[in-house]
A.B. asks: 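Okay, here's the structure, questions in a sec.
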Amino acid sequence: MATRMSDAPVALRPLPKPLTHAREVAHWLVLLLGWLWLGEQGMHWGWSWASGVLAVALWWAVRLLCRGSAWALRCGPWAVGLLGLLTVGGVCGLQSPMAQPWAHGVLLGLAAVWGLWSALIETRSQVSTFELAPVAWHPVLAAALVAYCWQWPDGAPFAETGVMLLLAVCAGVLYAHDRCPASGTPACRGPRAGLQTLLAPSAMGLMMGTLWLGNAWCASLGWRIEQMVSAHLALMAVLPTLAAWAMRGAVPSPASAVRQVSASLSLLALGALMLLGNSPVHGVLVMLLPSLAWAVHCCRQRSSGVLVHSLAPWMTRSLSLLLGPLLLVAVGAASPLQGPWAMQSAMALLGVLAAGQLVVLCLRKQGLHLPFSAT
């Protein structure tokens with residue numbers, strides 16, 4: 001049974017230790033490699049249904065289902081270390097000739113274990129990346145390390161040795177941090193949230209999950225694989241750092257929190273409107289605007305008192321699954337017949353929902369249904 005968590009920030013320790021910073025880099029590495037490596041493997045093994053997105057969708061779903069749950073909070077450091085070792089072993093085992101006849105099943109099992117590991121990492125996170133330092137350099141370093149593991153010639157897969165090495169180091173760092181007495185009691189900020197905070201992560205997840213589709217909407221720009229990988233890493237990891245740096249002078253208040261949520265929703269809605277154009281500029285804006293919405297979401301002010309009408313945990317998880325992994329599977333299943341239209345329809349749906357949430361926030365701000373003070 002899931003515990004009821006607030007979205008309030010966890011108190012920041014005055015002087016984070018180097019291990020805390022290393023843990024945050026490891027967290028981002030596990031996240032980015034989950035999106036990119038599992039998606040690449042899904043396409044590499046040639047799935048006959050859902051265009052190879054099943055593995056990344058399963059990993060995403062397990063993360064959402066288990067993040068913030070009571071068992072994830074109760075697990076000892078041994079669970080974090082064990083799941084990390086199992087993930088590294090699964091990556092190694094998938095490349096073994098003995099495992100290739102059952103490669104699809106092995107990949108799905110690895111995705112589930114990786115999802116459990118990611119859920120434990122996120123549940124036991126003490127503070128947001130963007131509150132650890134004046135400049136959140138952790139995701140940028142993680143993106144650079146992932147890019148280094150990528151073999152840049154066209155068609156080449158990830159360097160498996162590099163991926164295993166990165167994951168092994170992450171497992172050691174995360175286990176060591178969890179065992180450190182100074183790390184304190186785990187405290188997760190989810191899953192109690194509103195629909196307005198679920199849309200940006202869903203949009204970013206759809207972009208990352210559909211990277212390897214041969215007819216993906218971003219492939220229409222004519223970019224090579226290495227260019228698309230670099231762009232997705234920059235949009236998911238570097239852009240939030242830049243947004244946090246630009247917003248670092250904002251004074252936390254209910255009004256500023258509402259403005260940040262409204263900005264994120266507006267960017268999602270505008271991104272959906274860009275689907276009406278066919279020029280390269282429209283194609284770039286279709287990627288950039290939802291990614292900016294994700295960036296604003298990452299560095300937003302987290303306060304349970306700003307948006308009182310948050311959803312119950314079970315509803316939050318249900319909507320997260322519906323608008324995230326299940327929508328990704330639907331896009332993958334429709335892509336062979338519908339082409340880029342499948343992804344465009346999914347992004348349009350999120351844009352419409354964002355526009356609806358924006359209208360609701362505007363009405364509340366005008367005092368028609370006032371659950372918070374915007375002054």
Side-chain angles (χ1 to χ4, degrees), residues 32 34-44 46-61 64 111 198-236 239 264-265 267-295 297 319-356:
L32 294 174
W35 284 117
L36 293 178
W37 191 85
L38 287 173
E40 190 272 338
Q41 290 297 305
M43 294 303 299
H44 173 71
W47 295 76
S48 59
W49 186 74
S51 301
V53 302
L54 283 178
V56 71
L58 177 61
W59 167 76
W60 192 3
L64 294 176
L198 301 179
L199 298 175
S202 296
M204 193 71 240
L206 285 176
M207 283 197 287
M208 296 296 289
T210 56
L211 168 63
W212 302 105
L213 293 178
N215 53 8
W217 56 280
C218 56
S220 62
L221 297 175
W223 291 355
R224 299 190 302 274
I225 288 293
E226 63 268 22
Q227 292 174 320
M228 290 195 294
V229 170
S230 298
H232 280 70
L233 284 172
L235 292 175
M236 187 170 200
L239 198 57
S264 179
L265 294 173
L267 290 165
L268 279 176
L270 289 174
L273 288 177
M274 293 303 103
L275 293 168
L276 299 176
N278 295 318
S279 68
V281 174
H282 285 85
V284 171
L285 290 175
V286 166
M287 289 194 300
L288 182 59
L289 292 174
S291 299
L292 280 172
W294 154 257
H297 166 84
L319 286 175
S320 298
L321 289 172
L322 182 62
L323 298 175
L326 294 180
L327 190 57
L328 175 60
V329 171
V331 170
S335 289
L337 294 177
Q338 303 297 335
W341 181 86
M343 181 60 177
Q344 292 172 357
S345 300
M347 296 299 291
L349 170 63
L350 296 179
V352 169
L353 291 175

A.B. asks: Working to the nearest 0.5 Å, report the span between NE2 of His282 and CG of Leu289.
C.D. replies: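 If we round to the nearest 0.5 Å, His282:NE2 and Leu289:CG are 10.5 Å apart.
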A.B. asks: How far does CH2 of Trp35 sit from CH2 of Trp59, to the nearest 0.5 angstrom?
C.D. replies: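 Answer rounded to 0.5 Å: 5.0 Å.
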A.B. asks: Which value, rounded to the nearest 0.5 Å, describes the distance between Leu198 atom CG and Leu321 atom CG?
C.D. replies: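 Between Leu198 CG and Leu321 CG, I get 10.5 Å after rounding to 0.5 Å.
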A.B. asks: Leu326: which residues meet the side chain to side chain contact (heavy atoms under 4.5 Å, CB included) condition with it, sequence neighbours left out?
C.D. replies: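 Applying side chain to side chain contact (heavy atoms under 4.5 Å, CB included) to Leu326 gives Leu322.
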A.B. asks: Which atom names give the shortest non-hydrogen contact between Ala203 and Pro290, and what distance separates them?
C.D. replies: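 Of all heavy-atom pairs spanning Ala203 and Pro290, the closest is CB-CB, 4.3 Å.
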A.B. asks: Is the shortest side-chain heavy-atom distance between Leu36 and Leu233 below 4.5 Å?
C.D. replies: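 Yes, their side chains come closer than 4.5 Å.
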A.B. asks: How long is the gap from CG on Leu288 to CG on Leu270, to the nearest 0.5 Å?
C.D. replies: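 Reported value, rounded in 0.5 Å steps: 11.0 Å.
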A.B. asks: Kindly write out the residues that satisfy side chain to side chain contact (heavy atoms under 4.5 Å, CB included) with Ala346, not counting sequence neighbours, or none if the list is empty.
C.D. replies: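 Only Leu206, Leu327, Val331 meet the side chain to side chain contact (heavy atoms under 4.5 Å, CB included) criterion with Ala346.
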A.B. asks: Please give me the minimum heavy-atom distance between Ser320 and Pro325, naming the atom from each residue.
C.D. replies: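 Reported closest heavy-atom pair: O-CD, 3.4 Å.
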A.B. asks: Which residue pairs pass the side-chain hydrogen bond (donor to acceptor under 3.5 Å, both in side chains) test with at least one member in residues 322-334, sequence neighbours excluded?
C.D. replies: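 Every candidate side-chain hydrogen bond (donor to acceptor under 3.5 Å, both in side chains) pair involving residues 322-334 fails, so no pair, neighbours aside, qualifies.
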A.B. asks: For Ser202 and Gly324, work out which heavy atoms get closest and say how close.
C.D. replies: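 Smallest interatomic distance, heavy atoms only, reads OG-N, 4.2 Å.
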A.B. asks: Compare every heavy atom of Ser264 with every heavy atom of Ala293, then report the nearest pair and how far apart it is.
C.D. replies: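 Reported closest heavy-atom pair: O-OG, 3.0 Å.
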A.B. asks: Rounded to the nearest 0.5 Å, how far does CG of Leu273 lie from CE of Met347?
C.D. replies: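 Reported to 0.5 Å precision, the distance equals 12.0 Å.
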A.B. asks: List the residues meeting side chain to side chain contact (heavy atoms under 4.5 Å, CB included) with Ala354, not counting sequence neighbours, and say none if there are none.
C.D. replies: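 By the side chain to side chain contact (heavy atoms under 4.5 Å, CB included) rule, Ala354 matches Leu199, Leu265, Leu268.
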A.B. asks: For the side chain of His232 and the backbone of Met228, is there at least one donor-acceptor N/O pair under 3.5 Å apart?
C.D. replies: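 The answer is yes, because a donor-acceptor pair under 3.5 Å joins these two groups.
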A.B. asks: Nearest heavy-atom pair of Gly209 and Val53: which atoms, and what distance?
C.D. replies: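 Taking every non-hydrogen atom into account, O-CG1, 3.7 Å.
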A.B. asks: Taking side chain as C-beta onward, heavy atoms only, is Leu235 less than 4.5 Å from Met204?
C.D. replies: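 Counting from C-beta outward, Leu235 and Met204 do come under 4.5 Å.
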A.B. asks: Got a sec, which residues hit side chain to side chain donor-acceptor pair (under 3.5 Å) with Trp294, two or more places apart in sequence or on another chain?
C.D. replies: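 In terms of side chain to side chain donor-acceptor pair (under 3.5 Å), with neighbours along the sequence ignored, Trp294 is linked to no residue.
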A.B. asks: Roughly how far, to the nearest 0.5 Å, is CD of Glu40 from NE2 of His44?
C.D. replies: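 Rounded to the nearest 0.5 Å, the NE2-CD separation comes out at 7.0 Å.
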A.B. asks: List for me each residue that meets side chain to side chain contact (heavy atoms under 4.5 Å, CB included) alongside Ala295, sequence neighbours excluded, and say none if there are none.
C.D. replies: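 Expected list: Leu239, Pro240, Ala243.
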